Amino acid sequence: IHSCDFAIEHKTKLPIYNVSNENAANSPMADFAPVFYGNAVYYASKRIVQTSMGYSDPNNDFIYVAQRINNRSLDKSETLHDSKSADFAMFQLNFAPFSISKDGKTVFCSFNQFGAGVRHPYIADLKPSSPFELSYAKVNNLSELNTGNATTFPHYAAESGFPYLSRDGKALYFAGKDLPGISYGGYDIYVCYFENGNWSNPVNLGSNINTSADEVSPFVDEEGILYFASEGHLGFGGFDIFRAEQIAGTWKDIRNLGVGVNSSQDDLYFIYDYPNEIGYFSSNRKGGNGDYDIYAAAKMGDITMMPKVLENETDHIV
């Protein structure tokens, strides 16, 4: 009821972002989990691919690469590896959501079981088994990515995924269920720190960020702003995208990114290029090419236009 009231109050307000469908990069199948690397956006797609062995299974996804035109729209994309090569199927299969280190030599991934047409993540009582296993791979370059050279992350729950590795490589944000310690219900967002050659135990980001529902797909931009998707905070329906900033060691000032970015369907996987004030995200909203599409969001307004979602915020230290 509170979310309905929130949506009614804010649905006619001016959008903060100019949102457009990146049609050149999308297909009738699911296109999701965009990632920045170099001047390109990498993402996963379940589109049918003709390979040396025939055609791919629509339940499998592969990594695609789309170049950015003037740091804005995405150009026509292609598979990271040659789809006609004999070993194509063993590379980048169901590798997303994933995160690439700045030097391209470390990739955190979550082997998913997203079938064609399912929402991300699964509805709990419909999933056949655990949809995620959080892993990482060390490579010399991205062309070496495959499902055989990944190592299970030492701190993961039965269901962990949606990784984001910070630009300095010292913090890993991810979503997990039922990790030891504090849990608020569903998927919560956690962070681990790389200290003395090892990853620390996961730290829950606290009750300002996490709710009794699911919080997923964290991303931190160059200014230290955290973006994430939640179906527990006040929103317009399904997963909405939110932002937060760290104030005196606590994630606070939780704001909904507003209409345009958020719809009555699922909106998640938001990444943001702060210098160029443009983000990319995935949505299964009506009017797209089919299933999840990738959208661009060019910022036009400022934070004061984004509605706050919490009347009272705690001082949980992260």
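What you see is a predicted model; the values in this text were computed from it and never measured.
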(message) I'd like to know if R119 and E231 make a salt bridge, using a cut-off of under 4.0 Å between side-chain N and carboxylate O.
(response) yes

(message) I need the minimum non-hydrogen distance between Y37 and D103, along with the two atoms involved.
(response) OH-O, 3.6 Å

(message) Has R255 got a side-chain atom pairing as donor or acceptor with I303's backbone, closer than 3.5 angstrom?
(response) yes

(request) Look only at the side chain of H233 and the backbone of I209, and say whether a donor-acceptor pair between them is shorter than 3.5 Å. (result) yes

(message) Could you see if L257 belongs to whatever hydrophobic cluster contains L310? Use Ile, Leu, Val, Met, Phe, Trp, Tyr and a side-chain cutoff under 4.5 Å.
(response) yes

(request) Could you tell me whether the side chains of N26 and N23 share a donor-acceptor contact shorter than 3.5 Å? (result) no

(request) Check the side chains of N210 and N204 for a donor-acceptor pair under 3.5 angstrom, ignoring hydrogens and angles. (result) yes

(message) Does F108 form a ring pair (Phe, Tyr, Trp, His ring centres under 6.0 Å) with F153? I'd like the steps, not just the answer.
(response) CA-CA 9 Å; F108 280 85; F153 185 62; 5.8 Å; yes

(message) Given 3.5 Å as the limit, does a donor-acceptor pair link the side chain of N112 with the main chain of F114, or not?
(response) yes

(message) Does atom NZ (K308) have a neighbourhood of more than 12 heavy atoms from anything else shown, all under 6.0 Å?
(response) yes

(message) Assigning hydrophobic clusters by single linkage (Ile, Leu, Val, Met, Phe, Trp, Tyr; side-chain heavy-atom cutoff under 4.5 Å), is F242 placed with V191?
(response) yes

(message) Taking side chain to side chain contact (heavy atoms under 4.5 Å, CB included) as the criterion, tell me which of Y43, Y227, F36, Y164 meets it with I271.
(response) F36

(request) Check the pair N256 / F236 against side-chain contact (heavy atoms from CB on, under 4.5 Å), numbers first and verdict last. (result) CA-CA 9 Å; N256 187 298; F236 297 92; 3.5 Å; yes

(request) Identify whether the distance between the nearest side-chain nitrogen and carboxylate oxygen of K46 and D57 falls below 4.0 Å. (result) no

(request) Drop me the distance from F32's CZ to S282's OG, to the nearest 0.5 angstrom. (result) 8.0 Å

(message) Keeping D266 on the side-chain end and F239 on the backbone end, is there a donor-acceptor pair under 3.5 Å?
(response) yes

(message) In this structure, is the centre-to-centre distance between the rings of F111 and F95 below 6.0 Å?
(response) yes

(message) Testing the 3.5 Å rule here: is there a donor-acceptor pair between the side chains of S56 and N60?
(response) no

(request) Determine, for E277 against K299, whether the closest basic-nitrogen to carboxylate-oxygen distance falls under 4.0 angstrom. (result) no

(message) Using only atom types and a distance under 3.5 Å, with no angle test, would you say the side chain of E22 pairs donor to acceptor with the backbone of L74?
(response) yes

(message) Between E195 and S200, does the side chain to side chain donor-acceptor pair (under 3.5 Å) criterion hold? Intermediate values first, please.
(response) CA-CA 7 Å; E195 301 169 336; S200 68; 4.7 Å; no

(message) Within 45 degrees of the ring normal and closer than 6.0 Å to the centroid, is that where the cationic atom of K177 sits relative to Y187?
(response) yes

(request) May I ask you to say whether R47 pairs ionically with D31, meaning some side-chain N is under 4.0 Å from a carboxylate O? (result) yes

(message) Within this structure, what is the SG-CG distance for the pair C192 and L165, rounded to the nearest 0.5 Å?
(response) 11.0 Å

(request) Using side chain to side chain contact (heavy atoms under 4.5 Å, CB included) as the criterion, point out the one residue from T51, L93, L80 that pairs with F62. (result) L93

(message) Does this structure show an ion pair linking R243 with E245, if we count only N-O contacts that are shorter than 4.0 Å?
(response) yes

(message) Contact between T211 and Y184 at the side-chain level, heavy atoms closer than 4.5 Å - yes or no?
(response) no

(message) Whether the side chain of S217 engages the backbone of F228 through a donor-acceptor N/O pair (distance < 3.5 Å, no angle test) should be reported.
(response) no

(message) Same cluster or not: V203 versus I254, using hydrophobic residues (I, L, V, M, F, W, Y) connected whenever any side-chain heavy atoms lie under 4.5 Å apart?
(response) yes

(message) Under a 4.0 Å threshold between the charged nitrogen and the carboxylate oxygen, would D75 count as salt-bridged to R68?
(response) no

(request) Could you state whether M305 and F270 fall into the same hydrophobic cluster, counting links through intermediate Ile, Leu, Val, Met, Phe, Trp or Tyr residues with side-chain heavy atoms under 4.5 angstrom apart? (result) yes

(message) If only side-chain N and O atoms count, and only distance matters, is there a donor-acceptor pair under 3.5 Å linking Q246 with T250?
(response) no

(message) Taking T106's backbone N and O only, do any of them form a donor-acceptor pair with S101's side chain (distance below 3.5 Å, no angle check)?
(response) yes

(request) Name the orientation class of the two ring planes belonging to H120 and Y269 (parallel below 30°, tilted from 30 to 60°, perpendicular beyond 60°). (result) perpendicular

(request) Taking S212 for its side chain and G185 for its backbone only, find out whether a donor-acceptor pair lies under 3.5 Å. (result) no

(message) In this structure, would L226 and I16 fall into the same cluster of hydrophobic residues linked by side-chain contacts under 4.5 Å?
(response) yes

(request) Kindly compute the distance separating CG (L134) from CD (E159), expressed to the nearest 0.5 Å. (result) 12.5 Å

(message) Counting neighbours of NZ on K84 that are heavy atoms of other residues, nucleotides or ligands and sit closer than 6.0 Å, is the number greater than 12?
(response) no

(message) Any side-chain to backbone donor/acceptor pair from S77 onto A66? Under 3.5 Å, distance only.
(response) no

(message) Donor-acceptor pair, distance only, cut-off 3.5 Å: does the side chain of N21 make one with the backbone of G288?
(response) no

(request) Sequence neighbours left out, what passes side chain to side chain contact (heavy atoms under 4.5 Å, CB included) with V19? Give chain and number order. (result) Y17, V261, F281, R285, Y295, A297

(message) In terms of relative ring orientation, are F6 and H10 parallel, tilted or perpendicular, with 30° and 60° separating the classes?
(response) tilted

(message) Could you measure the distance from the OG atom of S27 to the CD1 atom of I48? Nearest 0.5 Å is fine.
(response) 9.0 Å

